[in-house]
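Written out below as structure tokens is the structure these notes cover.
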There are 2 protein chains.
Amino acid sequence: MERKSTNIRQEEIKAAVLSIIFRDGLKKVSTKNIAKEVGISEGSIFRHFKSKKEIILAIMDDVINDLIEDLRRTSLENSPPADRLYNYLCKTVTYLIENKGITILLFSEASYENDNEMITKLNYIFNSQKQLAVKIISDGIAMGLWDEAVPVTDFATLYMGIPLSLNIEMVLSREKFERNNFCKRMYDLILKILKKS
Amino acid sequence: MERKSTNIRQEEIKAAVLSIIFRDGLKKVSTKNIAKEVGISEGSIFRHFKSKKEIILAIMDDVINDLIEDLRRTSLENSPPADRLYNYLCKTVTYLIENKGITILLFSEASYENDNEMITKLNYIFNSQKQLAVKIISDGIAMGLWDEAVPVTDFATLYMGIPLSLNIEMVLSREKFERNNFCKRMYDLILKILKKS
DNA sequence: TAACTTTGCAAGCAATTATTTACTTATGGA
DNA sequence: TCCATAAGTAAATAATTGCTTGCAAAGTTA
């Protein structure tokens with residue numbers, strides 16, 4: 001009966017959830033299976049989280065604290081907008097590839113549960129990414145580097161399709177997705193929209 | 001005790017599933033709730049479908065027969081590629097907006113269940129759309145209308161982000177999504193990538 | 001050492017799941 | 001009109017769900 005602190009167990013539980021999602025699908029994320037994955041009893045899970053929903057919300061908070069805050073910093077740098085946009089996109093892609101279960105959790109769990117708290121968090125994650133992208137593009141246009149005729153919010157909607165496409169490709173072909181230079185290839189494409197003609 | 005033929009009940013059951021998904025979320029799609037929505041007993045459902053999974057697969061088949069086959073026709077027309085691309089995109093967008101539950105079903109249920117048969121069908125739906133888009137773009141390039149330097153498969157990946165973005169926007173803001181001219185706006189953006197410089 | 005808190009477990013909870021059962025009744029062609 | 005078939009039901013099925021309980025033992029602080 002090895003004992004670990006709640007902090008550690010919380011991390012183990014969140015990691016277990018993501019592993020199960022990526023390996024077996026969202027349906028298999030039951031408290032019973034989480035317990036088995038961590039190596040503790042089912043009841044113990046409720047020592048560290050008050051409900052299953054709290055686990056999911058905690059993972060979404062991790063995304064906000066890790067990814068979104070990192071993206072915010074990138075977006076607000078004062079390096080050239082082109083560099084910022086490239087880093088911005090690649091950081092997102094890298095994060096999604098390295099935290100595999102997260103993409104499925106984000107884009108499926110909220111529409112599965114239809115839970116208000118989850119949808120609010122997902123909305124924040126999604127719209128933050130959009131708005132921070134808008135910031136970079138607006139800067140580039142204001143600096144006279146990019147085409148001022150580009151509708152920035154529409155562009156941001158199209159931009160958000162990139163991580164979403166990546167997500168679906170990963171769901172459909174789990175391991176063998178061709179991620180080589182994925183962000184560079186997508187970056188080159190969208191840059192053409194921004195270029196002055 | 002009104003009685004209807006299996007054909008009719010199957011349509012009612014599929015429609016009920018989509019209604020429940022859009023109104024209450026995927027989680028509420030239980031045989032009990034489907035029965036209530038249709039107005040029959042739970043057991044009756046199994047007179048018309050051999051399992052719940054068969055209902056989902058039947059809806060996916062509808063997408064293949066209705067949307068994908070329509071897109072195939074559009075893609076293979078011999079009208080100008082620009083017209084074809086515009087119609088192609090708008091048909092997809094219109095279909096997704098008019099069949100609300102379908103977007104959630106397609107992009108969430110497969111990753112929820114992690115079922116091979118479902119993933120195979122989703123893969124077919126997704127890749128057909130991609131390949132048919134590739135066909136239109138390749139035609140445009142071959143006719144000397146568009147930039148031959150555009151990497152067509154990368155472009156198709158970016159293109160697929162459009163329906164995916166639409167899906168997420170609809171999940172996040174159910175009714176009040178600004179769908180006005182959505183396809184025209186997205187079309188104008190991606191056309192800039194294709195234009196010769 | 002004593003007292004207290006935290007972490008652990010096995011067992012049990014009520015609720016829900018998809019599906020099957022055994023039986024009834026309506027419909028449509030002979 | 002007869003009768004097989006198709007379409008309906010209520011109720012029971014076994015399995016699973018998230019979560020709670022009661023109690024034991026490990027860690028921490030005094």
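Hydrogens, waters and symmetry mates are skipped; everything else that's a heavy atom, side chains included, is used. Only a predicted model underlies this, so the values are computations on that prediction, with no experimental measurement involved. Within every chain, numbering begins at 1; the chains are lettered A, B, ... in the order of the sequence lines, protein sequences first and strands thereafter.
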(request) With the side chain of B:Ser44 defined as its heavy atoms from C-beta on, choose the nearest nucleotide among C:dT17, D:dT9, C:dG8. (result) D:dT9

(request) Rounded to the nearest angstrom, tell me the gap between atom CG in B:Asn7 and atom C1' in D:dA6. (result) 12 Å

(request) Name the closest nucleotide to the A:Arg47 side chain, picking from C:dA18, C:dC9, D:dC19. (result) C:dC9

(message) Which nucleotide wins on minimum distance to the side chain of B:Lys52, given the candidates C:dA18, C:dC9, D:dG18?
(response) C:dA18

(request) Measure from CD on A:Gln10 to C1' on C:dT6 and round the result to the nearest Å. (result) 13 Å

(message) Tell me whether the side-chain N/O atoms of A:Arg9 come closer than 4.0 Å to OP1 or OP2 in C:dT6.
(response) no

(message) Closest-nucleotide mapping onto DNA chain D: is A:Lys50 or A:Lys27 further toward the 5' terminus? I mean the 5' end.
(response) A:Lys27

(message) Can you tell me if A:His48 touches the phosphate of C:dG8, counting only side-chain N or O atoms and a distance under 4.0 Å to OP1 or OP2?
(response) yes

(message) Expressed as a whole number of angstroms, how long is the span from A:Ile13:CD1 to C:dG8:C1'?
(response) 12 Å

(request) Report the nucleotide, chosen from D:dT17, C:dG8, D:dT20, that has the shortest atom-to-atom distance to any side-chain atom of A:Ser30. (result) D:dT17

(request) Would you kindly give the CG-to-P distance between B:Asp115 and C:dA18, to the nearest whole Å? (result) 15 Å

(message) Using the side-chain heavy atoms of A:Thr31, tell me which of these nucleotides is nearest: C:dT20, C:dC9, D:dC19.
(response) D:dC19

(message) Strictly below 4.0 Å, N to O, side chains only: are A:Asp188 and A:Arg185 in salt-bridge contact?
(response) no

(request) May I ask you to check whether over 12 heavy atoms, not counting those of A:Lys91, lie within 6.0 Å of atom NZ? (result) yes

(request) Provide, to the nearest angstrom, the distance between the NZ atom belonging to B:Lys28 and the P atom belonging to C:dA18. (result) 13 Å

(message) Nearest whole Å is fine: how far is D:dT16 C1' from A:Asp24 CG?
(response) 16 Å

(request) Identify which nucleotide among D:dC19, D:dA10, C:dT17 has an atom closest to any side-chain atom of A:Glu42, counting heavy atoms from C-beta outward. (result) D:dC19

(request) Decide, yes or no, whether a salt bridge links A:Glu77 with A:Arg84 under the criterion of side-chain N to carboxylate O below 4.0 Å. (result) no

(message) Under 4.0 Å, heavy atoms only, any strand: does B:Ile45 hit a base, just the sugar-phosphate, or nothing?
(response) nothing

(request) Check whether the side chains of A:Tyr112 and B:Tyr112 place a donor and an acceptor atom closer than 3.5 Å, and report yes or no. (result) yes

(request) Round to a whole Å and report the spacing from CG of B:Leu26 to P of C:dT17. (result) 13 Å

(request) Please determine, for the side chain of A:Lys4, which listed nucleotide (D:dT17, C:dG8, C:dA18) has the closest atom? (result) C:dG8

(message) Rounded to whole Å, please give me the gap between OH in B:Tyr112 and P in C:dT17.
(response) 11 Å

(message) One thing to verify: whether A:Glu12 and A:Lys4 come together as a salt bridge, which I'm taking to mean a side-chain N less than 4.0 angstrom from a carboxylate O.
(response) yes

